[in-house]
Every structure is written in structure tokens, then in C-alpha cells.
Amino acid sequence: MAETETNPMRRPLPDGIVPEDEVTRTEDRWIAVVLGMLGVMMAVIVVTGVTNALHPPSNVEVIDPTTLHLGGEFAESNFGTAVEPDGSVTVRLIAEQYNFVPECVLVPADTPVKFRLTSADAIHGLLIVGTNVNTMVIPGFVAEVRTRFDALGDYRMPCDEFCGVGHQGMWAHVNVVPKGRFAHLSTTERASCVQQ
Ligand code: CUA
């Protein structure tokens, strides 16, 4: 009979007390559930990274923000869209309180596009709505992002980093046009929305 059992480990437990091996089983199940959730979250990060080209910006290139206008890559004459020898295009622009220069970017569809920009003053943000382009634009550094536009049309490009009292009015747009419009452009010319 249970009441006569002398070994305390073998006596029946009072009502409401859960046996140790059942506690262990429950804990093991919850550990498995938590590991499963971690696995799913890691998989989501990896799958979106691979299929949607989501990746942290990794370009580190320094530039003197006080002399941008004096020459070099970010001189005004070099702004806009340039066709590279391999057929891809590079867009160069500047973010400043409270404008992007140029305010409208012209790019060809179905073509690799590289944006290169820097800030002349505060920290700004570059976001192109409906694409994977989203980067901070920090004075002293060149921000570089690569993308490709499959659909023609007008894409909004707001500054998405608070940069001062005029932040909410700081936005530009990207005009995606048929590829053929860029065919005649030589590598030394720059295309923009005004001279399309
Ligand atoms: Cu520039 Cu906000």
C-alpha cells in the first residue's frame, strides 16, 4: 500500500503537485517551440535577403563635404544620369537642406542603376518608394545603392531622415523611361528630367 511506502521518492504526490518528469517534458516541448520560432525568423531574414536583395548598406567612401561644389565627382556638371561603358547607368546627386539636386532623376527601365550621393550638410535619407532603395546620406561619406526598375513611371523619392525644419518638404522623384531614350547618350553626357 502507498501509505506504507518507506522511500519518500516513491510516495504518491499530494493533489496539485506535478511530477518532475512531466515538468521536464513540458520544458523540453517549449524549448523546441522557441528554437523553432528562432529558426523561422532566421529563415525569413535569409529568404528576404536573397530574394528581395535586402541588405545593409556597406559602402564606406569618404569625401570632404565642404568642397563638393569645387569639382570632382559631385560637381554640378556631373549631376544626373551617366551611361557607363557596360550599359548600366550611374546617378549622382546631392542631398542638402532641403532639396535633392537634381530634384528629378531620369533613369532607363530594365537596366542596372547605381545611385551615388552625398550630403552637403546634415544627415539625410534616400528612400525610393516601391523599391529596395533606402539608405542614410551622411556628410563626409558617399552613399551608394544599386537597384533596377522594371516598371516605367514616376517614383517618389522623399528624404526619410529628419534633417531640420524643412525636412517634410524635402523630396524628389525618379522618372523611369524606356531604355531606348538613353541609347544616344555618350559616356560624357548627363541625362536629367529637364533635358530628356
Ligand atoms: Cu533631408 Cu530630411
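Whatever order the structure lists them in is the order used to number ligands and atoms, beginning at 1.
For atom 2 (Cu) of ligand 1, the neighbouring protein N/O/S atoms at less than 2.8 Å, given as residue and atom, are C159 SG, E161 O, C163 SG, H167 ND1.
The closest donor-acceptor contact from the side chain of Q97 to the backbone of C163 lies under 3.5 Å. In this structure, S119 contributes its side chain and H124 its backbone to no donor-acceptor pair below 3.5 Å.
F74 pairs with exactly one of T67, I94, L93 by the side chain to side chain contact (heavy atoms under 4.5 Å, CB included) rule, that one being I94.
Linking ILVMFWY residues whenever their side-chain heavy atoms come closer than 4.5 Å, directly or via other members, leaves M42 and V33 in distinct clusters.
Contact detail for R190 and F79: the closest heavy-atom pair is CB-O, 3.5 Å.
More than 12 heavy-atom neighbours from other residues, nucleotides or ligands sit within 6.0 angstrom of CD on E73.
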